[in-house]
Amino acid sequence: MRAHPMVGDVLLAVLLLLVDLLFLVARAAPGEGQRWYVAIPLDLAMVGPVAFRRKYPVVTAYVILLMTVPHSALELGLGSATASCVALYTMVVYVGRRQAALYLAAQAVISVVQMWAGWSPQGWAPLLFIGLVFALCWVLGEFVGARRAYHAEMEARLHLLETERDQAGRIAVAEERGRIARELHDVVAHAVSVIVVQADGASYALRSSPELAERAVRTISETGRQALTELRRLLQVLRDEEVAGEPRIPQPTAESLADLAERVRTAGVPVELSVEGTLAELPAGVSLGVYRIVQESLTNTLKHAGQGARAEVRVRRTENLVDVEIVDDGAGKARELVPGPDLPGGNGVIGMRERAHLFGGILQVGPRPGGGWRVHASFPARLDP
């Protein structure tokens, strides 16, 4: 019944219809059998809306109120009173006191008018009894409505508590990972410092004291293995669980820009790539940063510039600087494109700016005066130790 409440409402409507039909059969006198063709349609119109009382409570209530007039005037049974009580109860529980009070007032006015006009020959005593039944339905509706509100509030609070608990757990995990990462960072930094010191000592003792140089090289080898182990552990701590199962592949570099431009051309945007200087000896982080910024810029061109747009990528390497510029003309109508595995995106301007600042570079992003979009980034070609 909770999963499909309309099933229970249909059963209730059928029960009210059977009661009305039994009442009609019991009161039928000889020669009055012809009233069935009037009674059955009115009974169906009277109790039928009960099946939709929870889905359309207000409409159902006022349809029942409208059908009460001919049903009670013809004395076709208790369907008018019972359906009206069900409608009032539904209004109190599912709509609210104000709407229920308006409905009850309209019901009272119609009943009084019927009595004064003589359309309801039952007398005032049954009317008072029905009034008491209505009051009982109101009280029952208040009780059930309060319980529903209480249960809804409790469910909302439980959901909030579960959300807060999950959030607190994630925060605790993140804090613990940060603490572990800081500790492992200190370990790795110490190991690298030892490697540097031993390497300097070995270079000085290589000719004068080969044995000392050999021990230094052995120490460098052992310390390097330990540092590599700790670094893997650090990356394992910082790795996101959602991407932990992805295959590990080598990261692209600035030398892969030609392949990236070709993939974008295949996707539908002509790309002109211009590279001045060699990109082979860039630091790994700078090389990856150049690639990701170009990748994100071209992906945004695919997403927002639209069909018919063209893009230009210019990379210039000097002795101390790597200058990257990506421009598009913004032609055509924008079209949606979901990046595939060969062309991931989603870093956005914030991600590009973070990559540039991480390696001491700068980033400028904005529209071009003649239309289109321009991304300009500069990186140092050498990183200070």
Side-chain angles (χ1 to χ4, degrees), residues 172-260 275-295 315-324 347 351 354-362 377-385:
V173 169
E175 291 178 351
E176 185 65 17
R177 286 184 174 184
R179 184 186 65 81
I180 297 173
R182 287 191 296 270
E183 293 177 354
L184 294 177
H185 172 269
D186 295 338
V187 172
V188 173
H190 173 72
V192 173
S193 300
V194 171
I195 291 173
V196 173
V197 171
Q198 293 292 330
D200 291 340
S203 64
Y204 287 117
L206 185 61
R207 290 184 176 84
S208 60
S209 181
E211 297 177 358
L212 182 61
E214 184 181 357
R215 288 199 301 269
V217 171
R218 191 179 300 114
T219 302
I220 290 173
S221 177
E222 295 174 356
T223 307
R225 288 190 178 92
Q226 294 175 2
L228 184 58
T229 301
E230 297 298 336
L231 184 59
R232 288 173 179 168
R233 194 172 303 164
L234 172 61
L235 295 177
Q236 184 67 31
V237 168
L238 297 179
R239 184 174 293 116
D240 191 353
E241 294 89 344
E242 296 181 357
V243 298
E246 294 184 356
R248 300 180 182 179
I249 58 176
Q251 293 290 346
T253 63
E255 296 179 282
S256 306
L257 290 178
D259 296 335
L260 174 63
V275 179
E276 298 181 15
T278 177
L279 304 178
E281 298 178 356
L282 287 175
V286 173
S287 183
L288 178 60
V290 170
Y291 181 90
R292 292 303 187 193
I293 288 178
V294 175
Q295 180 187 54
V315 183
R316 187 169 62 92
R317 161 76 185 278
T318 62
E319 184 178 357
N320 299 317
L321 190 68
V322 181
D323 193 77
V324 183
N347 288 329
E354 289 298 322
R355 287 185 181 276
H357 291 173
L358 179 62
F359 298 102
I362 60 173
S378 294
F379 291 89
R382 292 184 176 87
L383 299 180
D384 297 331

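Only heavy atoms go into these numbers, but all of them, side chains included; no hydrogens, no water, no symmetry mates. From a predicted model like this one, the values you see are computed outputs, not experimental measurements.
In terms of heavy-atom proximity, Ala213 sits nearest to Ala202 at CB-O, 3.8 Å. Nearest heavy-atom pair across Glu319 and Ala381 is O-CB, 3.7 Å. Listed here is the closest heavy atom pair of Val286 and Pro380: CG2-O, 3.8 Å. When all heavy atoms of Arg317 and Thr278 are compared, the pair lying nearest together is NH1-O, 3.0 Å.
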### Message
Run the side-chain contact (heavy atoms from CB on, under 4.5 Å) test on Tyr291 and Thr253 for me, step by step, so that the C-alpha distance in whole Å, both residues' side-chain angles and the decisive distance to 0.1 Å come before the verdict.
### Response
CA-CA 6 Å; Tyr291 181 90; Thr253 63; over 6 Å; no
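With sequence neighbours excluded, no residue forms a side-chain hydrogen bond (donor to acceptor under 3.5 Å, both in side chains) with Ser209. Listed by chain and number, the residues in a side chain to side chain contact (heavy atoms under 4.5 Å, CB included) with Leu321 are Thr318, Ser378 (sequence neighbours excluded). Take Arg218 and apply the salt bridge (Lys or Arg N to Asp or Glu O under 4.0 Å) test, not counting sequence neighbours, and it matches Glu214.
Counting heavy atoms from C-beta on, the side chains of Val290 and Leu279 never come closer than 4.5 Å.
With rounding to the nearest 0.5 Å, the separation of CD1 in Ile362 from CG in Asp323 is 8.0 Å.
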